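Single-structure report; data block below.
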Amino acid sequence: MAESERRERLAAVAPERLAELDADDEADEHVLPDLPNAEEGAVVMRAAPNPNGPWHIGHARMPAVIGTYKERYDGAFICRFDDTDPETKRPDLDAYDAILEDIEYLGFEPDRVIRASDRLETYYDHARELIDRGGAYTCDLPAAEFSELKNAGEPSPNRNTDPDTVREEFEAMVDGEYDAGGMTLRVKTDIEHPNPALRDWVAFRMIDTPHPRETAADYRCWPMLDFQSGIDDHLTGVTHIIRGIDLQDSAKRQRFVYDYFDWEYPEVLHWGHVQLDEYDVDLSTSTIKALIDAGELAGWDDPHAPTIRSVRRRGIRGAALVDSMTELGMSTSDVDLAMSSVYANNRDRVDDDANRYFLVRDREDDPAVELPVVDDASAPDAGHPPRHPDHPDRGDRTIPAGRVVVESSDLPPAGERVWLKGFGCVRHDGDALAFLDADINVVREGDVNVVHWVPVDESLRTLLRTVEGNVRGYAEPAVAAVDVDTVVQFERVGFVRLDTFDAAATDEPDGPDGDEDLVAYYAHP
RNA sequence: GCUCUGGUAGUGUAGUCCGGCCAAUCAUAUUGCCUUCUCGAGGCAAUGACCGGGGUUCAAAUCCCCGCCGGAGCACCA
């Protein structure tokens, strides 16, 4: 019985069962598990990037997951830049917009964008109130000394400073009267807590280096992530927090502050780190930045760079990355993302749109070879393969024959035949290809391969940039009429994005030399 | 050392809360076959996993105990 027939039968006998089945099917489509205590229309989540550079591929996971939940629950997506360290994690002024662009490419738009460095006064106000509630004290102990006491479960001698003094010293911090390292504000938690990570943690510290954003450059007293993030999550109404396992103690720390304020803590989910196969570059913004500075990567969108900008330039759609990221689920263990899964998702999305063209590669171990097609006047003067095998309505391309170029490994031994795709069967005669008026059945019979080819004249000198390196070759003339930024399939080579038709020379070794007619970026097979 | 947290095929995931319909789902990968024109596309098929050992039970991926192996935190970083 066919599916449709079964459904009809079931609808007649037990319509309520059919509804149940449909409900199950719908649940199955949910790749991600449901959020705990999530209320339709009332879910608020945030991505909280540190703006220190454009995003690497792993960063796509947060907007992918938050965006997916936002759609499921009709919720809200906040992008909050946690830029509270002007020194060791110094923000990069270009990164704010770069990250928003990356989010847009992934197909999401934050409902709200905020910057922690705009909100210092808010954090100060909450610190004052926390002090008034007896939840914090100023502490001038050097970090190492406090650490020693803390590990022994011993309190700082400043722990019981009277509230007026604490308040006074905190105002002095705000006014910038201490140097870096001179004074901190600590949250009073439990100095004997079994988990040493939770004992009297620092909420504010002094930093001498001015913040790169002009509006925040005068501040010297900066909140630590756990304080700032805890306050902001509450103030912005965040209901569900997702963060990495490296922050798994954050919620426990922040709960002390929430308890002082009598706030309710949001739901928290943790996930592990993402690793990528295929790349030999670490998934780390600072590593990528260093490689760019050293000239080993041409930029954030270099095909070797494991960045969002790079896959974007290669013609991979943001939605394909989102698919793969949500397929990773929410497990707390570390996961390896196979790039092949991103490629498979992208292929699903681009295959139907991507028209087909030929690119003959000219590689050191498999050079392009040039041969004339000779005939007895019966040969057509051009090949006409379809633009897309599934869409005959898109028409054919015209590839002039005459002198042609093929890849050496596609050239049969002398005396053997090969089928030039879209043109016809030829025999390799040593220094020429002799046209044979053969039927396509010779291909069906199995001893003639179908290969791609381009004419010598009018083909485009092409530089194809791949993750493994640059490849040169010749693209068929029809490619010249395609718009840049289009994703096409070079048959038997793979999907590529046409990047530019008049690239300037660069000093990159083996990079564009200025003579190319086309530079394309390789996406995947 | 202290404190968290995890372990299902090559990879990711479903199932674990409430034991049976799980000789275990889906995707990807790999391999093979097919195609009047892509042998790196497409279609079809095959391959492949419950960390180990005990226990409870008629029945364990699922519950209990003991191991083994991972990951994270203990910053005046985020």
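All values derive from a computational prediction rather than experimental measurement. Note on naming: letters A, B, ... go to the chains in the order of the sequence lines (proteins, then strands), and numbering restarts at 1 for each one.
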### Task
Give the intermediate values and the outcome of salt bridge (charged side-chain N to carboxylate O under 4.0 Å, His left out) for residues A/D410 and A/R492.
CA-CA 11 Å; A/D410 282 338; A/R492 305 216 296 144; 2.7 Å; yes
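- Comparing the C1' positions of B/A49 and B/A24 gives an interatomic distance of 9 Å, to the nearest angstrom.
- Counting only heavy atoms from C-beta on, A/Y522 has its side chain closest to B/G40 among B/G40, B/U13, B/A41.
- Cation-pi geometry between A/R213 and A/F81 is not met at under 6.0 angstrom from the ring centre and within 45 degrees of the axis.
- In the set B/A41, B/A75, B/G71, B/G71 carries the atom at the smallest distance from any side-chain atom of A/I245.
- Looking only at distances, no side-chain donor or acceptor of A/R220 sits under 3.5 Å from a matching main-chain atom of A/Y178.
- Residues of residues 171-178 of chain A that place a heavy atom closer than 4.0 Å to RNA chain B do not occur.
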### Query
Which letters describe nucleotides 25-30 of chain B, given B = protein heavy atom under 4.0 Å from base, S = only from sugar-phosphate, - = neither?
---SS-
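- In this pair, A/F170 and A/F204 present their aromatic rings perpendicular. The plane angle is above 60°, beyond the 30 to 60° band.
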### Task
Determine, stepwise, if the pair A/D83 / A/R115 fulfils salt bridge (charged side-chain N to carboxylate O under 4.0 Å, His left out).
CA-CA 7 Å; A/D83 54 349; A/R115 294 163 184 81; over 6 Å; no
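- To the nearest whole angstrom, the two C1' atoms, one in B/C39 and one in B/C34, are 11 Å apart.
- Comparing B/U16 with B/C50, their C1' atoms are spaced 11 Å from each other, to the whole Å.
- The list of side chain to side chain donor-acceptor pair (under 3.5 Å) pairs with a residue in residues 267-277 of chain A, not counting sequence neighbours, reads A/N37-A/E267.
- To the nearest angstrom, P of B/G40 lies 11 Å from NE2 of A/H452.
- Taking the P atoms as reference points, B/C2 lies 31 Å from B/C18, given to the whole Å.
- Within the structure, a side-chain polar atom (N or O) of A/R205 is placed less than 4.0 Å from OP1 or OP2 of B/A78.
- For A/M224, the side-chain atoms get nearest to B/C77 when compared with the rest of B/A41, B/C77, B/U38.
- Nearest-nucleotide positions on RNA chain B for A/L337 and A/I440 put A/L337 closer to the 5' end.
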Between the protein and nucleotides 43-48 of chain B, which nitrogen or oxygen pairs come in under 3.5 angstrom?
none

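- Sequence order on RNA chain B of the closest nucleotides to A/V451 and A/R253 puts A/V451 first from the 5' end.
- Here the nucleotide nearest the side chain of A/A143, chosen from B/C76, B/A72, B/G73, is B/C76.
- Residues of residues 470-478 of chain A having a heavy atom closer than 4.0 Å to RNA chain B: none are found.
- For A/R199 against B/G73, no side-chain N or O and base N or O form a donor-acceptor pair under 3.5 Å.
- When all heavy atoms of A/I207 and A/A180 are compared, the pair lying nearest together is CA-CB, 4.4 Å.
- Ring geometry for A/H524 against A/F495 counts as tilted: the plane angle lies between 30° and 60°, on a 0 to 90° scale.
- Dashed line: the shortest gap from a side-chain N or O of A/K150 to OP1 or OP2 of B/C2 is not under 4.0 Å.
- Taking the six-membered ring where tryptophan is involved, the planes of A/F256 and A/H193 are perpendicular, since the angle between them exceeds 60° and thus also 30°.
- Aromatic ring pairs are classed by plane angle as parallel below 30°, tilted from 30° to 60° and perpendicular above 60°; the pair A/H388 and A/H391 is perpendicular.
- Applying the 4.0 Å criterion to OP1 and OP2 of B/C77, one finds that A/T84 has every side-chain N and O outside that range.
- In the set B/G40, B/A72, B/G73, B/G40 carries the atom at the smallest distance from any side-chain atom of A/P525.
- With hydrogens and angles disregarded, no donor-acceptor distance shorter than 3.5 Å links the side chain of A/Y522 to the backbone of A/P303.
- Aromatic ring pairs are classed by plane angle as parallel below 30°, tilted from 30° to 60° and perpendicular above 60°; the pair A/F227 and A/W201 is tilted.
- A donor-acceptor contact under 3.5 angstrom links the side-chain atoms of A/K89 to the base of B/C77.
- With C1' as the reference atom, B/A60 and B/G55 are 11 Å apart, rounded to whole Å.
- The backbone N or O of A/E154 lies less than 3.5 Å from no partner atom in the side chain of A/R199, so there is not a single donor-acceptor pair.
- Here B/G73 is the nucleotide among B/G73, B/G71, B/C37 with the atom lying nearest to any side-chain atom of A/P196.
- For RNA chain B, if you chain together Watson-Crick or G-U pairs that step i with j, i+1 with j-1 and so on, the runs of at least three with distances under 3.5 Å are B:1-7 with B:68-74, B:10-12 with B:26-28, B:29-34 with B:42-47, B:51-55 with B:63-67.
- When distances run from any side-chain atom of A/R186 to the nucleotides B/C77, B/C76, B/G71, the shortest one goes to B/C76.
- Here the options are A/H126, A/R46, A/R119, the test is side-chain hydrogen bond (donor to acceptor under 3.5 Å, both in side chains), and the partner is A/D232; only A/R119 passes.
- Nearest to the side-chain atoms of A/V202 among the listed nucleotides B/C39, B/C76, B/G6 stands B/C76.
- Contact check, A/S331 against B/U13: a side-chain N or O comes under 4.0 Å of OP1 or OP2.
- Base engagement by A/R361 is indicated by at least one non-hydrogen atom pair under 4.0 Å involving a base atom.
- For A/T332, whose side chain is taken as the heavy atoms from C-beta onward, the closest listed nucleotide among B/G12, B/U5, B/U38 is B/U5.
- Taking the side chain of A/D336 as heavy atoms from C-beta on, and the options B/C4, B/C74, B/G12, the nearest nucleotide is B/G12.
- We find that A/K421 and A/E476 are not joined by a salt bridge, their nearest charged nitrogen and carboxylate oxygen being 4.0 Å or further apart.
- In this model, no donor atom of one side chain and acceptor atom of the other lie less than 3.5 Å apart for A/D259 and A/Y265.
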